[in-house]
Amino acid sequence: MSESAAGRAWLRAQVLRLRPKLAQRTLGSAGAPVPKVAIVTDSAAALPAAWLEEFSRNHLLAVVSMPVIIGGNVYAEDDAELESHISLALAAGTAVSTSRPSPGQFDSAYRAAAAAGYEAVVSVHISCKLSGTHEAAQVAAARAPLPVHVLDTQTVGMGQGRGVQSAVASAACGGDVAEVLAAARAGADATRIYFYVPSLEQLRKGGRISMASSWLGTFLDLKPILGIRDGTVVPLEKVRSAPKAIGRLQELVLADIAGRGAAAAQLSIHHFGNEPQARELGLALQRQAPGLAGATLTRLPAVLAAHAGLGVLVVVVAEELVPPAVPPAVVPPQQTPAP
């Protein structure tokens with residue numbers, strides 16, 4: 001499982017699927033499409049680092065960091081020490097919380113897209129039922145120097161990330177705002193999220209589940225399997241032990257894969273503080289689903305790990321649309337000279 005190869009292959013597959021439309025697009029001097037729409041998202045999208053690096057060029061994609069607060073200190077997602085800070089804090093029982101990005105952070109992202117010559121922005125975000133990020137983006141959109149369309153994906157992690165990747169693929173092929181929005185919506189809607197947490201306590205502290213659900217899980221030592229449905233965390237099943245819970249998680253994912261067809265499915269697996277366990281889970285799923293198109297393994301973003309806690313395992317099931325191919329070169333829009 002490679003977080004870079006699978007992510008790049010998926011986008012290339014998307015671009016190939018859209019390639020027949022290129023003749024209708026504005027082309028640069030090299031015959032490549034000129035993107036008109038930039039994409040902005042937030043760090044809850046859990047995009048693989050190598051994929052993000054490759055497709056953030058020319059301001060086509062920007063990620064606004066969501067802050068994490070540990071014992072009164074505020075950290076950004078890109079802080080190199082953040083994972084260890086959160087791990088130590090969670091193990092010690094130190095308060096860990098999160099906050100939405102400020103509208104000013106979105107102001108900067110939208111202004112950068114305008115300065116780079118884009119005509120509009122599609123801003124793709126974590127469910128508004130889990131974070132105030134969508135609202136902050138809307139505040140900034142109302143005063144942006146170009147049209148900004150804010151989309152609530154009603155999901156999180158690589159469920160949201162798949163919507164972002166679909167939007168980037170459409171924009172890279174010269175798609176207009178309506179096409180990019182439709183691609184983002186379709187990409188997010190086609191995913192399903194299944195996850196296991198050793199304890200419900202962090203989710204309860206963050207208000208992501210009810211006190212009653214947390215108490216029941218702790219009192220009876222039940223191990224929950226959860227999902228994201230209609231933008232909120234929902235219980236799927238409660239199992240008596242951790243090994244049984246992880247086994248049941250595999251069964252639910254395999255049933256989803258079977259419904260799509262192994263060759264059409266793609267997995268993203270998130271972890272925090274338990275990478276070997278996540279890798280073992282991914283390999284087990286690949287062994288049990290011959291023909292599975294691929295999987296990526298990525299650390300859960302700190303802003304999500306702060307609520308899920310240590311030892312979380314998240315599996316996002318999406319669809320691999322067509323075989324991978326090398327995308328056409330993308331010509332950046334004409335940049336506006338700095339004043």
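All values reported here derive from a predicted model rather than from experimental measurement.
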Practice problem: Verify the cluster assignment for V234 and V315: are they in a single hydrophobic cluster under the rule of side-chain heavy atoms below 4.5 Å apart? | Solution: yes
Self-check item: Side-chain heavy atoms of V316 within contact of R192, under 4.5 Å
Solution: no
Quiz item: Looking only at heavy atoms, what is the nearest atom pair of A306 and V96, with distance?
Solution: CB-CG1, 3.5 Å
Quiz item: Side chains of T98 and L304: does their closest heavy-atom pair fall under 4.5 Å?
Solution: no
Practice problem: State yes or no: are the ring centers of Y75 and H85 separated by less than 6.0 Å? | Solution: yes
Quiz item: For D230, does the CG atom sit with more than 12 other heavy atoms under 6.0 Å from it, leaving out its own atoms?
Solution: no
Quiz item: G175 and V37: which non-hydrogen atoms are nearest, and at how many Å?
Solution: O-CG2, 3.7 Å
Quiz item: Looking only at heavy atoms, what is the nearest atom pair of A171 and P35, with distance?
Solution: O-CB, 3.3 Å
Quiz item: Does T155 reach the side chain of I193, with side-chain heavy atoms less than 4.5 Å apart?
Solution: yes
Exercise. Answer yes or no: is there a side-chain heavy-atom contact under 4.5 Å between L267 and L285?
Key: yes
Practice problem: Would you indicate whether the side-chain heavy atoms of L310 and N274 approach each other to under 4.5 Å? | Solution: no
Self-check item: Near-ring test F106/H125, centroid separation under 6.0 angstrom
Solution: yes
Practice problem: Kindly state each residue pair satisfying salt bridge (charged side-chain N to carboxylate O under 4.0 Å, His left out) with at least one member in residues 107-120, sequence neighbours excluded. | Solution: D107-R143
Practice problem: Using atom types as modelled and distance alone, determine if a side-chain donor or acceptor of T41 lies under 3.5 Å from a backbone N or O of V164. | Solution: no
Quiz item: NE2 of H59 to CD1 of I39: how many Å apart, nearest 0.5 Å?
Solution: 14.5 Å
Quiz item: side chain to side chain contact (heavy atoms under 4.5 Å, CB included) between R100 and E135: does it pass, once the steps are laid out?
Solution: CA-CA 9 Å; R100 73 179 193 180; E135 181 183 6; 3.4 Å; yes
Self-check item: 4.5 Å side-chain heavy-atom contact, K129 and D152
Solution: no
Self-check item: Spacing of F195 atom CZ and L236 atom CG [to the nearest 0.5 Å]
Solution: 8.5 Å
Quiz item: Within the side chain of H134, is there an N or O that forms a donor-acceptor pair under 3.5 Å with the backbone of T153?
Solution: no
Quiz prompt | Reported CD1-to-OH distance for the pair I225 and Y196, which is rounded to 0.5 angstrom | solution = 9.5 Å
Self-check item: From CE (M66) to OG (S99), nearest 0.5 Å
Solution: 8.5 Å
Exercise. List the atom of L146, the atom of Y118, and the distance in Å for their closest heavy-atom pair.
Key: CD1-O, 3.5 Å
Quiz item: side-chain hydrogen bond (donor to acceptor under 3.5 Å, both in side chains): which pairs involve residues 243-265, sequence neighbours left out?
Solution: Y194-D256, E237-R248, R248-E251, Q250-Q288, D256-R260, R260-E319
Quiz item: When you look at I70 and I86, which way does the side chain to side chain contact (heavy atoms under 4.5 Å, CB included) test go after all the steps?
Solution: CA-CA 7 Å; I70 305 174; I86 290 183; 3.6 Å; yes
Self-check item: Sidechain-backbone polar pair: D42 side chain, I126 backbone, donor-acceptor under 3.5 Å
Solution: yes
Self-check item: S65 side chain to Q105 side chain, donor-acceptor N/O pair below 3.5 angstrom
Solution: no
Exercise. Report yes if some heavy atom in the side chain of R240 is under 4.5 Å from a heavy atom in the side chain of K223; otherwise report no.
Key: no
Self-check item: A167 backbone acceptor or donor facing S170 side chain under 3.5 Å
Solution: no
Practice problem: Would you please test L292 and Q266 for side chain to side chain contact (heavy atoms under 4.5 Å, CB included) and show each step? | Solution: CA-CA 7 Å; L292 188 65; Q266 177 149 8; over 6 Å; no
Exercise. Decide whether Q154 and D189 meet the rule of one side-chain donor and one side-chain acceptor closer than 3.5 Å.
Key: no
Exercise. To the nearest 0.5 angstrom, please state how far the CG atom of L47 sits from the OG1 atom of T298.
Key: 9.0 Å
Practice problem: Using atom types as modelled and distance alone, determine if a side-chain donor or acceptor of S268 lies under 3.5 Å from a backbone N or O of T296. | Solution: no
Quiz item: Where do V239 and A245 come nearest, in terms of heavy atoms and distance?
Solution: CG1-N, 3.6 Å
Quiz item: Are any of the side-chain heavy atoms of M158 and H270 separated by less than 4.5 Å?
Solution: yes
Quiz item: Taking all non-hydrogen atoms of both residues, which atom of A113 and which atom of V121 are closest, and how far apart?
Solution: CB-CG2, 3.7 Å
Quiz prompt | Distance, nearest 0.5 Å, that separates CD of Q286 from CD1 of I269 | solution = 7.5 Å
Practice problem: Report the C-alpha distance between T191 and V317 in whole Å, list the side-chain angles of each, state the deciding distance to 0.1 Å, and finish with yes or no for side chain to side chain contact (heavy atoms under 4.5 Å, CB included). | Solution: CA-CA 5 Å; T191 66; V317 187; over 6 Å; no
